[in-house]
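Note that these values count all heavy atoms, side chains included, but never hydrogens, waters or copies made by symmetry.
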Amino acid sequence: MSKEQEEQTEEQTVSLVDVLEEDEELEEEASAVLAGSDSDHCSYPQGYVKRQALYACNTCTPRGGEAAGVCLACSYKCHEGHDLFELYTKRNFRCDCGNRKFTELQCKLYPEKDELNSLNKYSHNFFGVYCTCSRPYPDPDDQVEDEMIQCVVCEDWLHGRHLGCVLPDSVELQEMICESCMNRNPFLWTYASHLAVPGAAVQQVKEESGADESHTSVPHKEEEKGDDVIQPSCKRSREEAEPSCRLKELQLIGQKRIQSGAVFWPSAWRSKLCTCSSCQERLCDAGLSFLLDESDTVLAYENKGKNNEETRQGHDPLMSALDNLNRVQQLEIIHGYNDMKTELKDFLQRFAAEGKVVTPDDIRQFFEQQQSRKRQRVDAGRFYCT
């Protein structure tokens, strides 16, 4: 084999490994999202679920009709083979499957539903389009590789290039509020100046009158209070009196941010929001009370899903079956599994070395050969025994 062929083989082998690693990452991501929801029972009896995986059925409720969402279990049992839009997760949603919006379908898992779920919130996501550009994802006409990021307020998915800001590092560990939601709730810009991920959009702005005084005296006041201002436990430490308003204190500091573009927030930022009665009322009126609940985050939901998946793996039915076998049978199964894994790896490496695509027929042929060899071994064993 020439040096050039060796280099090509090495590149192709690495690319195959990359594909397998990417597939493993996708599987872990899917487990995080789906394992937090029940795949066997309709979630409707639970009411408006705090957060769950959702789907919209383009077959049953196409664009032009009423938007509707179905739970994970109904997507499997009631909408198998349908054209589904994956919505990832949504908060405070009750499964619509089989209600008035589905004129020709009855839910197989829980048919006794009200005609409508009046508290559900819908968006253009339920018709398979996302972002301010209202395009599908994946978009066959978009050749630009871009990341889709979900706003924690409106829960729409936006392209990174349409956020109007530079994406920070470690986006997956942060929460994002889109510019539209920030502008609908102007008080969030005050929090953004102090709690959001720093970026090029942040700037210090002095007050027109008494700028030097405000810049020196107010921060000094906060220094004296120390953690008593920042920590969310300040309310608990002074239960007899209403705590001072954290939001008003931040407004007096004098640090402002250009009110443009989406805003990214670090972990635990929600715990630093003001919880005084007036701020709680403001959040409630704006429909944003969930911002005071750290368990509302997608990351908290995904961690719950991962824990559920680990628990399920701890009760693997295959391992339970092995426990019921004697030592010899266990060793035979383990050796057989290792042999098949080695042969499958060698089989795939030949395709990588030759630069060929593995087709379903190739995989089918591989397992047919495995079955043929198994039959030959069994027949040979029977002949030997007799």
Side-chain angles (χ1 to χ4, degrees), residues 26-27 29-130 134 136-137 148 150-157 287-291 293-309 311-312:
L26 291 173
E27 184 177 344
E29 182 179 340
S31 295
V33 175
L34 302 182
S37 298
D38 191 335
S39 61
D40 297 317
H41 305 93
C42 177
S43 64
Y44 182 86
Q46 302 175 40
Y48 292 87
V49 180
K50 188 171 184 177
R51 182 169 294 281
Q52 64 176 316
L54 281 182
Y55 298 81
C57 184
N58 190 41
T59 303
C60 298
T61 55
R63 182 180 292 192
E66 293 184 271
V70 302
C71 67
L72 176 63
C74 287
S75 74
Y76 291 155
K77 306 296 193 300
C78 307
H79 300 268
E80 183 181 4
H82 291 191
D83 181 17
L84 296 175
F85 298 129
E86 184 178 356
L87 304 178
Y88 199 60
T89 71
K90 301 284 186 184
R91 71 168 62 87
N92 299 332
F93 198 94
R94 197 173 197 183
C95 181
D96 286 321
C97 181
N99 69 11
R100 193 191 71 187
K101 298 181 178 182
F102 295 80
T103 57
E104 299 180 2
L105 180 137
Q106 185 179 45
C107 181
K108 298 177 182 177
L109 299 177
Y110 199 90
E112 299 84 12
K113 290 186 171 73
D114 293 337
E115 288 192 352
L116 293 174
N117 296 313
S118 58
L119 299 183
N120 282 353
K121 293 183 179 179
Y122 306 93
S123 68
H124 61 175
N125 292 174
F126 289 79
F127 295 113
V129 291
Y130 310 87
S134 294
Y137 182 83
M148 297 290 285
Q150 189 178 34
C151 172
V152 300
V153 174
C154 67
E155 298 192 295
D156 191 8
W157 290 86
L288 301 178
S289 296
F290 59 84
L291 289 180
D293 182 7
E294 292 190 76
S295 66
D296 166 80
T297 65
V298 172
L299 185 59
Y301 171 86
E302 290 182 344
N303 288 336
K304 175 186 174 184
K306 290 176 181 177
N307 291 335
N308 290 347
E309 185 66 16
T311 302
R312 291 173 188 173

**Which atom of C74 lies closest to which atom of L109, heavy atoms considered** = N-CD1, 4.1 Å

**Request:** Kindly indicate, with the supporting measurements, whether the criterion ring-ring contact (aromatic ring centres under 6.0 Å, His included) is fulfilled by F126 and F93.
**Result:** CA-CA 13 Å; F126 289 79; F93 198 94; 5.7 Å; yes

**Message:** Please check if the number of heavy atoms outside K77 that lie under 6.0 Å from its NZ is greater than 12.
**Reply:** yes

**Message:** Between T59 (side chain only) and D83 (backbone N and O only), is there a donor and an acceptor less than 3.5 Å apart?
**Reply:** yes

**Message:** Could you check, using the six-membered ring where one of them is a Trp, whether F127 and Y122 have ring centers closer than 6.0 angstrom?
**Reply:** no

**Prompt:** Between S75 and Y55, is there a donor-acceptor pair closer than 3.5 Å when you use the side chain of the first and the backbone of the second?
**Reply:** no

**Closest contact, heavy atoms only, C42 versus P45** = O-CD, 3.2 Å

**Prompt:** Which pairs, with at least one residue in residues 57-81 and sequence neighbours excluded, count as a ring-ring contact (aromatic ring centres under 6.0 Å, His included)?
**Reply:** H79-H82, H79-F102

**Prompt:** Is N117 reaching over with its side chain to a backbone N or O of N120, donor-acceptor style, under 3.5 angstrom?
**Reply:** no

**Request:** Can you tell me which residue pairs pass the salt bridge (Lys or Arg N to Asp or Glu O under 4.0 Å) test with a partner in residues 51-60, sequence neighbours excluded?
**Result:** R51-E155, R51-D296

**Fill in**
Closest heavy-atom pair, K90 versus S123, reported as atoms and distance to 0.1 Å, is NZ-OG, 4.4 Å

**Request:** Evaluate the side chain to side chain contact (heavy atoms under 4.5 Å, CB included) criterion for residues L288 and V153: first the C-alpha distance (whole Å), next the side-chain angles of each, then the deciding distance (0.1 Å), finally the verdict.
**Result:** CA-CA 8 Å; L288 301 178; V153 174; 3.7 Å; yes

**Message:** Any non-hydrogen side-chain atom of S295 less than 4.5 Å from a side-chain atom of D293?
**Reply:** yes

**Request:** For V70 and C97, work out which heavy atoms get closest and say how close.
**Result:** CG1-CB, 3.7 Å

**Message:** side-chain hydrogen bond (donor to acceptor under 3.5 Å, both in side chains), that's the test. Do D114 and N99 meet it? Break it down for me.
**Reply:** CA-CA 7 Å; D114 293 337; N99 69 11; over 6 Å; no

**Asked** Stepwise, does the side chain to side chain contact (heavy atoms under 4.5 Å, CB included) test hold for H124 with D156?
**Response** CA-CA 8 Å; H124 61 175; D156 191 8; 3.0 Å; yes

**Asked** Does CD in E80 sit with more than 12 non-hydrogen atoms of other residues, nucleotides or ligands closer than 6.0 Å?
**Response** no

**Request:** Using the salt bridge (Lys or Arg N to Asp or Glu O under 4.0 Å) rule, collect all pairs that involve residues 92-105, keeping only residues at least two apart or in two chains.
**Result:** E66-R100

**Side-chain heavy-atom pair C78, Y110 within 4.5 angstrom cut-off** = no

